[in-house]
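First comes the structure, then the notes that go with it.
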Number of protein chains: 2
Amino acid sequence: MATIYEVSRLAGVSLATVSRVINNTAPVREATRVKVEAAMNELGYRPNSVAQSLASNRSNSIGILVSELSGPFYGELLSRIEAEFRAVGKHVIIAAGHSDAEMERESIEFLRSRNCDALILHVESVSDNYLRGLADGGCAFVLINRYVRAIAERCITLDNRHGGYLATRHMLQLGHREIAYVSGPMWKNDAKERYAGHLEALAEFGVSENKALFFEGDFQETGGVRALQHFLAADASFSALVCANDEMASGAITAAHDIPLELPDQLSVIGFDNVNFSHYTYPKLTTIDYPIAEIGQMAARWVLKNVYSQTTTELKAIFEPRVIERDSTQKI
Amino acid sequence: MATIYEVSRLAGVSLATVSRVINNTAPVREATRVKVEAAMNELGYRPNSVAQSLASNRSNSIGILVSELSGPFYGELLSRIEAEFRAVGKHVIIAAGHSDAEMERESIEFLRSRNCDALILHVESVSDNYLRGLADGGCAFVLINRYVRAIAERCITLDNRHGGYLATRHMLQLGHREIAYVSGPMWKNDAKERYAGHLEALAEFGVSENKALFFEGDFQETGGVRALQHFLAADASFSALVCANDEMASGAITAAHDIPLELPDQLSVIGFDNVNFSHYTYPKLTTIDYPIAEIGQMAARWVLKNVYSQTTTELKAIFEPRVIERDSTQKI
DNA sequence: TTGTAGGCGTTATCAT
DNA sequence: ATGATAACGCCTACAA
């Protein structure tokens, strides 16, 4: 690889001048600029970004930490973030935290040691305190899908509680009163909030909570299967099933087919997230839209604005979920 | 951030010694090692990886280029690759090529300028020649899901042709003779090969090719929908539908439900890839397994061996597909 | 076993 | 507008 020095020699200028035309960080006479550019082309010169980073203390790379790299949810998130940064010549370095506090912490250290200019974090196990400490330590990061009051200005979230409310209200408005609920792991914040929204809707319609109609799943497909089996085995009476995410809803639908149970005639099912396989189910899944791509875009813009001082469209911190009505729910 | 220099001063040794304990690249007396480590801890020292890269000409980062970041297929691939490298302290820089030659080329340049030690490429638009040139230019890379004879030793592939053969043979063995085929874009190599396998199976069973039962889709869900509608509108007679990937199979199944068509009684459907939503469909999709995670792992090991000189398990260049029989196919 | 000193390829601060 | 020249933080012969 040619270096800036060789370019400068070929162009007959100093290497400082070459640097100037690369970054146009200072005026350069048109004639010299042309000479330099010609030299760069001739040598096929590409600036060494590592050296640039060392000298400028900027790496032009952004670290992304998500729980998993697979799965429809994170795929869309990453996709949007990458596109957004790529458009401005920046790179993403990606790591997975696997919902484990130790791995999350270690991943963050990992990304920091790579001199990332900023981090976009989707973490669920690390403590609020840790995050506050990170912020105090001068680490530039933005938090996705989690709200921590002390660093509210760095949080981009979905109103999970309202989403949970909408899902259950949707069932209630269809006339259902016996509504079973399949939650995610209750130690996860979004699971807790979605459930709170569920209770809120029930209260609003004067339906009292029935512990027998609650099941704590794992946000996985199998959790949905087990949930349905559990309710059936317990001989619970319910006409609607609210699932805290689409994976579990899919599992429940699969299990229902195996009973068999006619959907949505004998049971209405609603999911949460609107991941892209949600319309592969049969019947097509009614769900709550989680605008994950937009949230990813917003996180990227937060970084562009706060770290790279670029002017962008206005930032938005809270996104609103909404019902996507398809075929898996029906009036009773 | 503390530098190696500060550590050396605090420990009362030269900075070369500190470097040695960091990389243990030369013997260091136990006593000094302890002193240095104590100093590092006290200062919370973390080596600056950018400076390390510049000095050592190693970035400890691997560039990954895939067509898309979203979608079940690439998610699993990335997930496995990241895990494999992460375990040995290396990180991945990820870019998307969007099946476009220009973007693929640019992405490769992008990753190279980041001084990646190696690239793992899943490209479909860039020419064989370009890749050969890249290899000649001394770029360390391994190619996934594509075979280029001139650089065969860098290719890790699935036997797509055999997979196509297995899918259609499965239908033939179930007694089907009128088999419609939904292909991917024929300019893509895997689509072409899967189709070749299809023809091979037909020939083996003495079934002649029927152009009316061929439809070129786009590897997307909508392609499957359009395919089924196309065949039906053309009044084609067929009892089985072979789709070149699971997305299109899902689309076809959805469309079949809308007709409605009883599955698998009135129509058997098989997909290809065995992506993780393939059992969300109803009936659960019979498909061809594409061991994408294993392929990702193998690519990572290729890099570990050929670039980082690590000893790993033996490398494997060609993976074999196999039929995953679920509920969407049935004897006629 | 340890220290010295010269690079790695840029950026950035001075002069000129 | 352009050119020297010091950083940037670390690695690595080469010496000691």
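In what follows, chains carry the letters A, B, and so on, assigned in the order in which the sequence lines appear, proteins first and then strands, with residues in each chain numbered from 1. These values consider heavy atoms only, across backbone and side chains, with no hydrogens, waters or symmetry-generated copies.
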Solution key, residues 24-37 of chain B side-chain donor-acceptor pairs under 3.5 Å, sequence neighbours excluded:
from, atom 1, to, atom 2, distance (Å)
Thr32(B), OG1, Arg29(B), N, 3.4
Thr32(B), OG1, Arg29(B), O, 2.6

Practice item. Report yes or no: does Glu76(A) contribute a side-chain atom to a donor-acceptor pair with the main-chain N or O of Ser70(B) at less than 3.5 Å? Key: no

**Study point:** Any side-chain heavy-atom pair of Val126(A) and Leu121(A) under 4.5 Å
**Key:** no

Review point. When you measure from the side chain of Asn145(B) to the backbone N and O of Thr157(B), does any donor-acceptor pair fall under 3.5 Å?
Key: no

Exercise for review: Indicate, with a heavy-atom threshold strictly under 4.0 Å, whether Thr32(A) touches base, sugar-phosphate, or nothing.
Suggested key: sugar-phosphate

**Study point:** Leu304(B) side chain reached by Phe85(B) side chain, heavy atoms, under 4.5 Å
**Key:** yes

Check your understanding: Between which nucleotides of DNA chain D, 5' to 3', does chain A make heavy-atom contacts below 4.0 Å?
Key -> dA1(D) to dG9(D)

Review point. At under 4.0 Å between heavy atoms, what does Ser49(A) touch on the DNA or RNA strands: base, sugar-phosphate, or nothing?
Key: nothing

**Study point:** Atom-pair distance (CG on Asn24(B); P on dT2(C)), nearest Å
**Key:** 14 Å

Review point. Does Lys305(A) count as lying over the ring of Tyr308(A), i.e. NZ or CZ under 6.0 Å from the six-ring centre, within 45 degrees of the axis?
Key: no

Exercise for review: Could you tell me whether the side chain of Trp302(B) and the main chain of Glu153(B) form a donor-acceptor pair under 3.5 Å?
Suggested key: yes

Exercise for review: Spell out, as yes or no, whether a donor-acceptor pair under 3.5 Å connects the side chain of Arg46(A) to the backbone of Glu109(B).
Suggested key: yes

Study note, to complete from the structure: Heavy-atom contacts, protein to nucleotides 6-16 of chain C, under 4.0 Å, summarised as B (base), S (sugar-phosphate only) or - (none) per nt, yield -BBBBSBB---

